[in-house]
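Input: a single structure, listed below in structure tokens.
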There are 2 protein chains.
Amino acid sequence: MTFPDLFERFATGVLPLDISDAIHLKFQSVARYASAREGDAPFQGAGLDQIIFVARGSTKLVAQASQGREQIVAFNFDGDLVSVPAKAAHSYSLIALEDCELIYFPANEFFQLAGEETVLVYDMLERALKALARCREKTIALGRKTAGERIAGFILSMADRIGTKTHDGIAIVLPMSRRDIADSLGLTIETVSRQLTELRSANVIETPGRSQVLLRDVAALKSRAGHIQEAA
Amino acid sequence: MTFPDLFERFATGVLPLDISDAIHLKFQSVARYASAREGDAPFQGAGLDQIIFVARGSTKLVAQASQGREQIVAFNFDGDLVSVPAKAAHSYSLIALEDCELIYFPANEFFQLAGEETVLVYDMLERALKALARCREKTIALGRKTAGERIAGFILSMADRIGTKTHDGIAIVLPMSRRDIADSLGLTIETVSRQLTELRSANVIETPGRSQVLLRDVAALKSRAGHIQEAA
DNA sequence: CGACAGCATTGATTCAGATCAATGTGAGGC
DNA sequence: GCCTCACATTGATCTGAATCAATGCTGTCG
């Protein structure tokens, strides 16, 4: 795909419809493009905070703790906007889960431009609050849930974000490996595997191939996720 | 303290300096006031997202999972602005750690008003990103760190947020109980206590009284926190 | 089309932190 | 000043998930 095509995806996905041509052009002139192969980490060690638009593909935002321990902080899919901090108590990098095309900006330039169009800042705020909400949900899972509940919650979340309804359930094609799932849920590969086996033998899911999950019994999975009961 | 005084705190802490009188007055007319005694949960079950300014005191944002498990998602101090979601997979409530005075707004009204002053939206965005960054750091701690590392990180973070430098270290007066610390770090009270004992006997901290911590050896604590090495 | 390399599953054992169970202690009330 | 009680500490035991160790799959490349 060409740069103009990709930028157009960014523009329609992120910029407000009624934005002025001037701003649109300014964004286009500041935008940078990166394509990444599976496993690439195009922003590792950049000295500045970055704002990244995933134009095509999917990525993981990984934090590094001491002794090589990794924690995946978020997964990002097609059309998501990610903010990658440059400096914090841990070092972050964005890594491609599959071949990706990315549009990115140094955060300060991006915000400065956004400032010229209030709707856009407002929009960014909404996205940030949404990311915060998701991060809080993750906090709960990591702090207070069992391995089984984490896996159930993970599959529900993926079904919601990248699942497609089929006649006999929800089909999910996972772009991430078992290791990635483990690193996201604070578990080990083995535990992830055992929990999936458990769900399989309870007829809640099927796993036809490494990266596919067919969710058969959504209700059962929800009750396994340990969420608070909703009023009916 | 009277309502005007409290609102003034909000205005100086949150609103930009050069804001127009009209907007200032609009905020004042939409602002609501709540005082909360220790343990009160003034926003439990409110049907709408709320934006809350902690004018005086300190609070915890608590999420409820099934079976009465609690996870503290954030602590908030004097001058902090908190966003409390009404509806999510878990139910959130803001609880006073000590007697508090709060200024609050339904989120939609707040954002609508903020929209009239770009700087303010921009400011809110910055706060949201900061909260996100903090939440991500917590995610790492809960997903991949040992009890000892979590406690070390917790004390460092408190030292940074509410500590005061003294001639022989950093003094911290914790407004939260051991249970709160445990619920924040995904541990039990007993484990928190044991880790504090460990730090005490290693001469890293002193704990003169239930709620005081005197941090003696910052470097030692940092090396125990499992953060990634910074370039020197 | 077959082999191999990397990912996933399954099984045995260990261990950090939870749970269960007393015992200690310091801040507020009388 | 002393009592009290909720909070904190300490100790013994248990357990869910980690770790260690094979073994099984699958998609891919010659």
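Residue numbering restarts at 1 for every chain, and letters A, B, ... go by the order of the sequence lines.
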Which of the following nucleotides, [options], is nearest to the side chain of [X]?
X	options	answer
L187(B)	dC20(D), dT9(D), dA18(C)	dA18(C)
S193(A)	dT9(C), dA8(D), dT19(D)	dT9(C)
T197(B)	dT10(D), dT10(C), dA8(C)	dT10(D)

Step-by-step side-chain contact (heavy atoms from CB on, under 4.5 Å) determination, K60(B) to N76(B): CA-CA 6 Å; K60(B) 55 180 175 180; N76(B) 309 100; over 6 Å; no
Name the nucleic acid region contacted by R200(A), choosing base, sugar-phosphate or nothing; use a 4.0 angstrom heavy-atom cut-off, strictly under.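 If one applies the 4.0 Å heavy-atom cut-off, R200(A) turns out to touch the sugar-phosphate alone, with no base involved.
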Base, sugar-phosphate alone, or nothing: which one does G186(B) contact when heavy atoms must sit under 4.0 Å apart?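 Sugar-phosphate: the residue G186(B), judged by heavy atoms under 4.0 Å, touches backbone atoms but no base.
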Between [atom2] of [N] and [atom1] of [X], the distance in whole Å:
X	N	atom1	atom2	value
L142(B)	dA17(D)	CG	C1'	16 Å
Q195(A)	dT9(C)	CD	C1'	13 Å
R178(B)	dG26(C)	CZ	C1'	12 Å
E190(B)	dA22(C)	CD	C1'	12 Å
L199(A)	dT10(C)	CG	P	13 Å
M176(A)	dC7(C)	CE	P	15 Å
R69(A)	dA17(D)	CZ	C1'	16 Å
L196(B)	dG17(C)	CG	C1'	15 Å

Please check the phosphate of dC7(C) (OP1 and OP2 only) for any side-chain N or O of R179(A) closer than 4.0 Å.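 So the side-chain polar atoms of R179(A) never come under 4.0 Å of the phosphate oxygens OP1 or OP2 of dC7(C).
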Does T146(B) put a side-chain nitrogen or oxygen below 4.0 Å from OP1 or OP2 of dA16(C)?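 No, outside the criterion.
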Between Y104(B) and F10(B), does the ring centroid distance fall short of 6.0 Å?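 No, they do not, as the ring centres are separated by 6.0 Å or more.
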Any luck finding a side-chain donor-acceptor pair between R178(B) and S193(B) under 3.5 Å?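 Judged by distance alone, the side chains do not pair up.
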Give every pair of a protein N or O atom and an N or O atom of nucleotides 23-25 of chain C that lie under 3.5 Å apart, one pair per line with the distance.
from: dT25(C); atom 1: O2; to: R210(B); atom 2: NH2; distance (Å): 3.0

When S184(A) is tested against each of E70(A), R179(A), K138(A), R150(A) for side-chain hydrogen bond (donor to acceptor under 3.5 Å, both in side chains), which residue passes?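 Single side-chain hydrogen bond (donor to acceptor under 3.5 Å, both in side chains) partner of S184(A) among E70(A), R179(A), K138(A), R150(A): K138(A).
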Tell whether R194(A) reaches the base of dT19(D) with its side chain through a donor-acceptor pair below 3.5 angstrom.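 Counting by modelled atom types and ignoring angles, a donor-acceptor contact under 3.5 Å is found here.
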Find out whether [X] and [Y] are in side-chain contact, i.e. whether some heavy atom of one side chain is under 4.5 Å from a heavy atom of the other.
X	Y	value
E98(B)	R56(B)	no
D49(B)	S83(B)	no
V213(A)	E206(A)	no

Between T191(B) and K145(A), which has a closest nucleotide on DNA chain D that is more 5'?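 Per heavy-atom nearest nucleotide, the more 5' residue is T191(B).
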